[in-house]
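Below: one structure, written as C-alpha cells.
When a residue number appears, it is its place in the shown sequence, counting from 1. Since the structure is predicted, the reported quantities are computational estimates derived from the model, not experimental observations.
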Amino acid sequence: PTSRCSSAASDVYKRQRLVMVEPALHPDDSIGSEPMMELMDRVLGELVSEGRVSEADADATTLPTWIRSPEEYADPVEAHPGLELVDVRLVESLPSPMWLALREDRDAASYARASVDSMRAWSEAMITASIGDAKARDAFYDRCRVLGEADPDLLHVQAAHIVLDIRRV
C-alpha cells in the first residue's frame, strides 16, 4: 500500500502540475500577525522590567519570521525554463475558526486561551532556546493570554496566502 503523500506526489508527477498555497506578504508589506508580534514583544519587555527575564535573555529571544512577497514566489518559477506559471493569486485568508467563534459567542477568555495555546505551539521552542526558566516562560504566555482576553485584537492574525498553479513544460 502507498501512503497518501506518495500517492499525491505520484499524481503531481503524472499530471506535471503543482498547486502551492503559501503565506505571503499583503500588498501593504504587512504579514498579518503584527499585533500578535507586538504583544509578544511588549510582554517580554514587561518581564524584563519586573526582573523575571534578564536583558540578555530578552535580547537573545528571536522569532524568525520571513514571509515572502508574491514576486519572491513567482519570479523563480517564471525564470525556470521547465516550468510555466499558469496562475498566481493573492488571497486574503478566511477568518480563523477561533475568531469566528469569538464574534459569535463573545467569549474573549476562550478565544485568548485558544489563541495563546496556538501561539505557544509554534513559538515555544524558540522562546525556550533563550528563556530557560520554565516559570518565566509560563508567565510570558499567561500575560499574553490576560492581555489578549482584555483586547482580542492583539491576538488576531489576518494572513494572506499566495496560490501558485505551476505546470511542467
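Heavy atoms only, all atoms of each residue included: Ala58 and Val48 are closest at CB-CG2, 3.4 Å. When all heavy atoms of Trp122 and Met37 are compared, the closest pair comes out as CH2-CE, 3.9 Å. Across all their heavy atoms, Ala160 and His26 have their closest contact at N-NE2, 3.6 Å.
Side-chain contact check for Leu83 versus Val169: every heavy-atom pair is 4.5 Å or farther apart. For the pair His156/Pro35, no side-chain contact is recorded, criterion being any heavy-atom separation below 4.5 Å from C-beta on. Under the 4.5 Å side-chain criterion, counting only non-hydrogen atoms from C-beta, Trp99 is in contact with Pro152. The shortest distance between side-chain heavy atoms of Arg143 and Asp138 does not fall below 4.5 Å. Using a 4.5 Å heavy-atom threshold, the side chains of Arg137 and Glu124 count as touching. You'll find the side chain of Val163 reaches within 4.5 Å of the side chain of Val91, heavy atoms only. Inter-residue side-chain proximity for Asp165 and Arg17 is flagged as met; some heavy-atom pair is nearer than 4.5 Å. A 4.5 Å side-chain heavy-atom check between Leu147 and Arg42 finds at least one atom pair inside the cut-off.
Summarising the geometry, atom OG belonging to Ser110 is positioned 6.5 Å from atom CG belonging to Asp105; distances are rounded to the nearest 0.5 Å. Note that CE of Met40 is 6.0 Å distant from SG of Cys144, once rounded to the nearest 0.5 Å. The CG atom of Leu155 sits 5.5 Å away from the CE atom of Met119 when rounded to the nearest 0.5 Å. Interatomic distance, OG of Ser69 versus CG of Asp75, reported as 7.5 Å (0.5 Å rounding). Leu47 CG to Asp133 CG: the interatomic distance, rounded to the nearest 0.5 Å, is 10.5 Å. The NE2 atom of His80 lies 10.5 Å from the CD1 atom of Ile166; values are rounded to the nearest 0.5 Å.
Following chains of ILVMFWY side-chain contacts shorter than 4.5 Å, one cannot reach Val77 starting from Val86, and the two form parts of different hydrophobic clusters. One hydrophobic cluster holds both Met126 and Ile131 under the rule that ILVMFWY side chains link at heavy-atom gaps under 4.5 Å. Val146 and Val43 are not part of a single hydrophobic cluster, where members link through side-chain heavy atoms under 4.5 Å apart. No path of Ile, Leu, Val, Met, Phe, Trp and Tyr side chains, each step under 4.5 Å between heavy atoms, connects Tyr73 with Ile67, placing them in separate hydrophobic clusters. Using a 4.5 Å cut-off between side-chain heavy atoms of Ile, Leu, Val, Met, Phe, Trp and Tyr, with links allowed through other members, Ile31 and Ile162 fall into different hydrophobic clusters.
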Next item on the list: List the steps and the verdict of side chain to side chain contact (heavy atoms under 4.5 Å, CB included) for Leu85 and Leu164.
Entry: CA-CA 7 Å; Leu85 190 56; Leu164 297 133; 3.6 Å; yes
Next item on the list: Decide yes or no on side chain to side chain contact (heavy atoms under 4.5 Å, CB included) for Leu100 and Glu104, but give the supporting numbers first.
Entry: CA-CA 6 Å; Leu100 292 174; Glu104 186 174 309; over 6 Å; no
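Here the side chain of Ser130 pairs a donor or acceptor atom with the backbone of Ile127 at under 3.5 angstrom. Ser118 places no side-chain N or O within donor-acceptor distance of the main-chain N or O of Ala114, the cut-off being under 3.5 Å. Panel note: side chain Glu46, backbone Leu44; no donor-acceptor pair is recorded below 3.5 Å.
Heavy-atom neighbours of Trp66 CH2 from other residues, nucleotides or ligands within 6.0 Å: at or below the threshold of 12. For Arg103, the CZ atom sits in a packed shell: over 12 heavy atoms of surrounding residues, nucleotides or ligands are nearer than 6.0 Å.
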